[in-house]
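Structure first, then comments.
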Amino acid sequence: MESDPVARQYLNELINESIKERKSSFPTDKFRTHYDHLCALKLTGKEWEKSFQLDYAALPVCFVLAEIAEEIMSAEIPSEPISALTFVYQFTELIREPNPRTFWYQDLAIRLETYVLLYLHENHQLDVTAFAESVTDDMMEETSCLRSMNSSFTKVFPFLRDDNVRQFQTIERLLTTPTKRYNILDAVNNLGEINPVKAAALYEYAKKHNGATYEGLFTHFYKSLYHFDGDHYLQEAMDLHDINKLECICALSGLNYDQDLHIRTAFEFMKDKNETDIDCMRILPTFYTRLIDNIHTPEDIRKECFTSIGQLTNTNDEQLKNSLIWRTSSLKGYDKEKMDLFPTFFSWGNPHFLTTYFDHFDSPASLFGFTREAFIEYGMTTNLNLFESALSTQQHVNIEKYNLELLQFLTDNLAIIRFAGIKILLRINGRSSSFSFLELNEKKQLRIIESLLPTPTNIEELLPLVLTLRNSPFPAVRSNLETGLIALIEAYGHHTIDMTKNCLDPEDPMDEELLNSLNAAFRKYKQEADERMQVKELDPIENELQHLELYFQLEHEKQAEMMEEATRQSIFAQLAKNIHVIRGSAFNTELNPEISLMGEVGASHLLDQRYSINPEAYEWNFRLNATTKNYSEEEDAV
Amino acid sequence: MKNIIIREYLESLTESEELDYIFPILLEVMGFKILSTPRLTKGLAQYGKDIVATGTDKDGVQKRFYFEIKGGADKDVTTTTFTKTDGIRESIIEAKDRKFNDSSNPGFDKLPVKIVLVHNGVLRANVKETFDGFIEREFPRLKKSKRKWWQSTAETIDCFEFERWDIYELTELFTQHLFNEYLLTDAEATNRFKKVLVLINTPRNNYADYLQLIDHIFEKAGALKSMGERKRLLFFETLRMVTFIVYHYSKDAHNLNAALKCVPYTVLNLWSWVLEHQLENDQKVIVHFDKCAAILYQVFTEFSNKTLTVAKRKNGLWAPNGGRYEQIGYPLRAMDYLSHLLLYFQFQRSREVSTNAKLEQQVADLVEVLNNNDGTTRPLLDNHSIPICLTLNFLIENGMEDEAKTYLQNIQHSVQIAHYTYQRIPDGRNRIESVIRFVVRKQKSVYYEDSTSHLFGMMLEYMALLGMEEAYYSFKKFLIDLNIHLGVFVPYDDQQLKDYRPENNLSHEANLLSRMLHSEGYQSEVCLDDSFADFQTKVFSKPVFTYIYRTQTAGYGYLLVLAHVYLKTPLFPSAWRRIKIST
């Protein structure tokens, strides 16, 4: 930093800006010069199209951050470790004000802690390893500034001047401490990436001192040193098979291969070994899928990997099955290969894997194909929630293909598929779909009306879509649409007209005609309703109030219980304190005397009045509409 | 307190119907002989004589009384009501000028005349002087002697006396002569009557006060032996008056529902009383009973006239303001409506001359109501068998077997759909609260009974009678799958009641007319045969409950139906096993 005052100045400005604005990223345009300079020095972190972050893992960044901390705290970093960590804790607490629970700065705190430990190690001869050993779990629990000690030690480990003997002792000790095992493996990984020479020496030392017996240790050494000397460490990993075959397979599965030769070698090695030990087999899905995902993998090997995955499905082991499903579903693309494996996975009887299985397909065709089969097989009982995530993903990444598939569903020959189409259309996360029904032929347009209008489950969403058909060139379509809308007056009263009106063009004479027709139908409906209300003998509020009140009281109870249940399951509610306000529209607390008005959060949907006339028949007709109105191929062709 | 209630009641009466109606009752009780009533002179120029009667005045002298009744908008004597055309002044002058001749009453013309202005309001101060002057002028007092004019018959023969009975006078007279006798003899009755009047048209009213008031009147009446002629008259008239009040209060509130709930209770109790005292052949008693029954008929007639047009529309019995409750309210109301409609048809037949046109209209109305209201096909309770049975019988008896079959099939269809969609079967214990809880919360109360059904037993027997083989098999399968036991309710006859329910001292008929039968009969199992023909044969050969109802003999068969409908006792198998199918 001494040698590059510009970088120091830029870092200073950016970090101060960050603290002032309480933001961890910076607009690239505004800080273009800063960005260019710091990026060249590899001091920037994550980047987006219009913004970037600083890389606090880089020591120069932390150096400047520490200077700013001293300036803000008006104190130097103490030389005693706990005081120094307290200094960091207080500093980070200060820069979070006035919202101390908003941790806006990402990894700034942990990186500063790491830097401070390293600073004490270098400048004040702190034995960081000994200090870390002295911090017990209880101390971490009780002392705020020590809570992230494990993580800080992981990050400072690669920079320590401890010799191999001391470092291996530290590794051995921490690998046998369950709460710290993963931290030290991370530290080994960091060491290989930051200081491969030292890591290689430490590996050689470990190899001579029985290091191969520690689960995960050599896997992390190979993984981090592979980029340093790929040939050597691939061979080392394969040689490990004679000593610890499970660790060998883990290591070969974890390597980030960068040569097709290495990939072929590893694949052939694995093929030769033909592992039958179940613990080893459980690792193989990772091995094969990582190879499939690797851009350097030759196509023939990739195919063989899928074949090998298929062979693994013959082994009846739950853990292996779960691994196969999870690893395969994580593969991006390979729709055909994944669909080939799908029947086997499905036959294992746990449909919940469907929730994520289609997430990474390139095209929604497979998903819709399977959905179709499911609805034909299971009818209206098909649980669409299982497909929710996959449908959302596909709608997000493949909107055009998704809409095309959905449109085919909505106009399908089979009623149940049209029903499935409506369900997909009305998914909570699926309402942004937009269609061009007008491109369909007359038959299909009529079918859209028939599918969506008679028993609409969510009229607010459906009506705007269906109303596009008022501009249909086919008179029968326009006529059916008008008839269908008039029938909805009984279901939604004047809302039908209001909703329709919102979608019409007041300047268009045909729209005006449609509106007039609806208004006339509504007037007739209203007149009859008014006449009906005049007959007090048939009025439930006059004559059946006790039953009516009981009904709504029970309904209210039911809703309250459902709300209670929802609150119990809400993560937000678990974090927050739950106070029931039993009277009043606002509340205050002793700590905060300000009166807080209670907000109203809610959403409402129009309910089809015809349901309350005869819910059983409505439900039944709905089912019939969804299951029995099928067309033949011939009809479709006309 | 009592006077205030009576005054409020009297003040609320309007001339054209109510005051005209009850005032003669008061006069009868006071011992007047009524020669002409507003009912008789309706539509004719009354010439100031709404009621003509003879009676003994306060002075002990027999007189002719011309009562001129003013109520409603004319109840107060004001400048307007006094001076307007056909107003008070004109009426009084006409009463005086135009003679009332009655040759059937010898000596009538010789009696002194007293014109009484009856009005259920007050004399306003601003017209008092004018009014008094008018009376003074038209009815001058004799000045010959200090004696009152009526003390010499010869002198007064062509003279007229005048009196004005205002609300206070009427209150006093009604209290003293009518209400006092039975109705409001104690604080409990007074309070009850007040509550009846105040609450009659309030929502949530279960009419318990009215029912208790009627019970109270019967209790106070005591034994028949201790009743003199006058007391018996008062007893009947009191019941008629109370019934009449309820009817008119309902009508004024534009909701006859209260009358539909209350009036049958009076009629059924009164008929039970008649039977209990073996008075069904006493013509005087029957005349009185008919007056009460006429009010009930009036209620049914007006109810049907008012509601039928709406009920015949598509889902006309559904109420839009009931919201989601209507999934219960609509079928409940539709079933009740069917009962009332069919009861009205029965009533109509017994009270009016039957014509083919009338009958055809009834059938057409019923079919239209059925076709437009699917609530009539959705039984929620087992005793919805009552309207269903009445409907089927009415259709069959009128040669509409096909419609009867369709209706039965629709019910079967609805029952099955209700089960397929929401697993609901009509509640055998007839508790609507249980049904509401089940529908709303999907919680089946321990009181919810859906493993035994009398309704389904009845439906299957109808299927046998109507030759509905296909429906029988499909319904049978449905019921067997659900393991529902079938039965029908058969009442004990009088001997069986003595044997099995010795604590019950009433006859079957008295029980039927006074309560919902439950322990007064037994459940007779209905077993389903594999073959429809076997089942049919069995149904045709099953014994039926035979009982000679005195009510039927007396020509009041519709009262038995009223008892079933009102007290919710399911109809007995004889109602359908005896029915004749024309095809």
Side-chain angles (χ1 to χ4, degrees), chain A residues 380-381 487 489-495 524-562 606-624 626-627, chain B residues 201-206 250 253-258 260-261 303 306-307 309-311 313-333 336-337 340 374-375 377-378 413-422 424 432-433 435-437 439-443:
Chain A
M380 294 176 72
T381 59
I489 287 176
E490 191 191 351
Y492 302 105
H494 203 271
H495 291 294
K524 186 165 178 271
Y525 164 82
K526 180 76 171 52
Q527 188 192 342
E528 287 195 2
D530 288 347
E531 283 171 14
R532 194 187 300 235
M533 293 306 295
Q534 296 293 317
V535 183
K536 285 189 177 179
E537 283 80 355
L538 305 178
D539 184 342
I541 295 171
E542 293 266 343
N543 309 307
E544 300 155 38
L545 195 59
Q546 276 171 310
H547 297 157
L548 189 129
E549 284 179 338
L550 175 64
Y551 181 96
F552 287 110
Q553 178 200 327
L554 288 170
E555 196 180 67
H556 185 75
E557 266 178 33
K558 186 182 170 189
Q559 283 164 355
E561 282 174 15
M562 285 164 67
L606 287 174
L607 293 177
D608 191 332
Q609 277 200 119
R610 293 170 301 182
Y611 180 83
S612 63
I613 294 176
N614 187 344
E616 290 131 9
Y618 187 90
E619 177 77 25
W620 191 248
N621 290 336
F622 185 83
R623 290 185 192 181
L624 290 182
T627 52
Chain B
N201 278 306
T202 52
R204 287 193 208 87
N205 188 1
N206 61 2
S250 299
H254 307 290
N255 185 354
L256 289 165
N257 211 46
L260 274 178
K261 294 272 163 57
F303 174 77
K306 192 175 172 191
T307 56
T309 312
V310 168
R313 288 193 187 140
K314 181 79 187 153
N315 292 315
L317 295 170
W318 167 71
N321 62 338
R324 294 182 297 284
Y325 161 74
E326 280 303 284
Q327 57 182 303
I328 300 284
Y330 178 33
L332 203 59
R333 195 175 311 116
D336 276 354
Y337 190 82
H340 289 131
D374 63 16
T377 66
R378 289 156 57 201
H413 188 60
S414 295
V415 165
Q416 292 186 208
I417 284 180
H419 176 72
Y420 295 146
T421 49
Y422 296 105
R424 186 183 59 74
I432 194 63
E433 294 80 8
V435 179
I436 294 174
R437 183 171 292 277
V439 167
V440 178
R441 308 221 50 190
K442 306 286 175 282
Q443 289 172 348

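Both backbone and side-chain heavy atoms feed into the values below; hydrogens, waters and symmetry mates do not. Remember, it's a predicted structure, so these values are computed and weren't measured experimentally. Quick note on labels: first sequence line is chain A, next is B, and so on, each numbered from 1.
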How long is the straight-line distance from CH2 of Trp318(B) back to OG of Ser612(A), given to the nearest 0.5 Å? 5.5 Å

Is there a donor-acceptor pair under 3.5 Å between the side chain of Lys558(A) and the backbone N or O of Val440(B)? yes

Chain A heavy atoms under 4.5 Å from Ile432(B): which part of the residue, side chain, backbone, both or neither? side chain

State, with a plain yes or no, whether a side-chain heavy atom of Asn257(B) is found less than 4.5 Å away from one of Lys536(A). no

For the student: nearest non-hydrogen atoms of Ile436(B) and Tyr551(A), plus distance: CG2-CA, 3.6 Å

Let me confirm one number: the CG-CZ distance from Leu554(A) to Arg437(B), rounded to the nearest 0.5 Å. 4.5 Å

Report the distance from atom CD of Glu537(A) to atom NE2 of His340(B), rounding to the nearest 0.5 Å. 11.0 Å

Would you mind checking which part of Glu433(B) comes under 4.5 Å of any heavy atom in chain A, side chain (CB onward), backbone (N, CA, C, O), both or neither? both

With a 4.5 Å heavy-atom cut-off, do Asn614(A) and Gln327(B) have their side chains touching? no

Between Glu544(A) and Tyr325(B), do the side chains contain a donor N or O and an acceptor N or O under 3.5 Å apart? yes

Heavy-atom pairs under 4.5 Å with chain A are the metric here; pick the option from Asn315(B), Asp374(B), Ile417(B) that has the most. Ile417(B)

Please report the closest heavy-atom contact between Pro540(A) and Ala319(B), naming both atoms and the distance. CD-CB, 3.2 Å

Interface residue of largest heavy-atom contact number with chain B, from Gln609(A), Glu490(A), Gln534(A), under 4.5 Å: Gln609(A)

Interchain contact, Ile328(B) with chain A, by part (heavy-atom threshold 4.5 Å): side chain

Interatomic distance, CD@Glu528(A) vs OG1@Thr309(B), rounded to 0.5 Å, equals 11.5 Å

Side chain, backbone, both or neither: which part of Leu332(B) has a non-hydrogen atom closer than 4.5 Å to chain A? side chain

Quick check on the interface: out of Asn255(B), Thr421(B), Asn206(B), who has the most heavy-atom pairs with chain A under 4.5 Å? Asn255(B)

Inter-residue atom distance Arg333(B).CZ - Asn543(A).CG, 0.5 Å rounding: 8.0 Å

Please indicate whether His419(B) has more than 12 foreign heavy atoms, meaning atoms of other residues, nucleotides or ligands, lying under 6.0 Å from its NE2. yes

Looking at CG of Leu538(A) and OG1 of Thr307(B), how far apart are the two atoms once the value is rounded to the nearest 0.5 Å? 6.0 Å

Could you check whether any side-chain heavy atom of Arg532(A) comes within less than 4.5 Å of a side-chain heavy atom of Pro320(B), counting everything from C-beta outward? yes

By a 4.5 Å heavy-atom criterion (distance strictly below it), what part of Ala258(B) contacts chain A: side chain, backbone, both, or neither? neither

Glu549(A): partners by side-chain contact (heavy atoms from CB on, under 4.5 Å), with sequence neighbours left out: Leu545(A), Arg204(B)

Close side-chain approach of Arg424(B) and Glu616(A), heavy atoms under 4.5 Å: yes

Can you confirm whether more than 12 heavy atoms, excluding those of Lys442(B), are under 6.0 Å from its NZ atom? yes

His556(A) atom NE2: more than 12 heavy-atom contacts under 6.0 Å: no

Does the pair Glu531(A)/Arg313(B) count as a salt bridge with the N-to-O cut at 4.0 Å? yes

Quick one: what part of Arg378(B) sits under 4.5 Å from any heavy atom of chain A, side chain, backbone, both or neither? side chain

Report which part of Tyr420(B) has an atom under 4.5 Å of a heavy atom belonging to chain A: side chain, backbone, both, or neither. both

